[in-house]
Amino acid sequence: MSGTVSRRMLAAWLREVGVDYVLRPSPRGETLDDIREELTDCRRCPLCAGRTTVVFGVGNPRARLMFVGEGPGSEEDRRGEPFVGAAGKRLDQWIARIGLRREDVYIANIVKCRPPGNRAPTPDEAKVCLPYLLRQIRAIRPEIVCTLGVSALNFLLGVEEKITRERGKWRERDGVPVLPTYHPAFILRNAAREAEVFGDFDLLASRLRLSPAK
Ligand code: URA
């Protein structure tokens with residue numbers, strides 16, 4: 001890949017070939033392990049220089065519900081698993097609230113290697129890594145994808161939206177409903193907004209016909 005990709009170019013690329021193309025059922029029946037194997041020692045973008053581990057994703061390969069975050073933080077980079085730090089503990093609480101366990105769902109990120117200083121992934125980094133996430137979605141075929149935070153919303157859907165305006169609104173790509181909500185790290189800093197997340201999780205529960213534990 002050469003040159004710098006603007007958010008607008010990435011959005012156009014995703015709309016034209018990315019999400020619509022990749023979310024079609026895999027004719028080859030690709031598995032998560034097939035995809036993981038391709039990423040062993042991945043050097044496709046500069047994030048490889050600072051990472052300890054490729055954080056592929058974790059959870060039930062047949063999950064009905066999949067979460068997509070932004071990118072691994074330091075704890076995730078060290079342990080090789082997404083959302084295991086403070087934000088992850090909050091996500092686990094939200095999952096428990098709708099009567100599920102972490103092992104029931106699948107959790108992944110827009111990029112699989114830790115961006116330095118916990119910054120958001122750049123459009124270039126997202127463009128390189130996103131096809132693998134989209135293939136994971138196609139392999140799992142969840143009933144719902146819930147995006148966590150603004151980066152996951154915009155990079156997954158190829159849009160440029162504000163999370164405050166778009167959270168709690170259903171989107172769809174190739175028949176896969178997508179519900180954006182806030183990132184748990186944002187809620188750790190803005191506790192007053194957690195009620196909105198609870199509302200979003202109620203939407204997830206009702207669409208999956210789960211009984212929220214509360
Ligand atoms: N934040 C994310 O977006 N993903 C993680 O895996 C951890 C923190």
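Note that ligands are numbered from 1 as they come in the structure, with each ligand's atoms numbered from 1 the same way.
- Considering backbone and side-chain atoms alike, G73 places every N or O at 3.5 Å or more from each N or O of ligand 1.
- Considering backbone and side-chain N/O of E76, none are found under 3.5 Å from N/O of ligand 1.
- Those atoms of ligand 1 with a heavy atom of P82 less than 4.0 angstrom away are 6 (O).
- In this structure, atom 5 (C) of ligand 1 lies nearest to the protein heavy atom G71 O, 3.4 Å.
- For the side-chain hydrogen bond (donor to acceptor under 3.5 Å, both in side chains) criterion with Y132, the lone passing option out of R36, R44, K112 is R44.
- A donor atom on one side chain and an acceptor atom on the other are not found under 3.5 Å apart for T53 and D77.
- Which parts of ligand 1 touch G69 is read off a 4.0 Å heavy-atom cut-off, strictly below it: atoms 3 (O).
- Of all protein heavy atoms, the one lying nearest to atom 4 (N) of ligand 1 is N109 OD1, 2.8 Å.
- The closest approach between any non-hydrogen atom of H183 and ligand 1 is below 4.0 Å.
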With side-chain contact (heavy atoms from CB on, under 4.5 Å) as the criterion, how do W94 and I187 come out once you've worked through the C-alpha distance, each side chain's angles and the decisive distance to 0.1 Å? CA-CA 11 Å; W94 295 346; I187 295 301; 3.8 Å; yes
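- A continuous path of hydrophobic side-chain contacts links L156 to M66 [ILVMFWY only; heavy atoms under 4.5 Å].
- Judged purely by distance below 3.5 Å, without hydrogens or angles, the side chains of R64 and Y106 never pair a donor atom with an acceptor atom.
- When hydrophobic clusters are built by joining Ile, Leu, Val, Met, Phe, Trp and Tyr residues whose side-chain heavy atoms come closer than 4.5 Å, directly or via intermediates, F155 is grouped together with V111.
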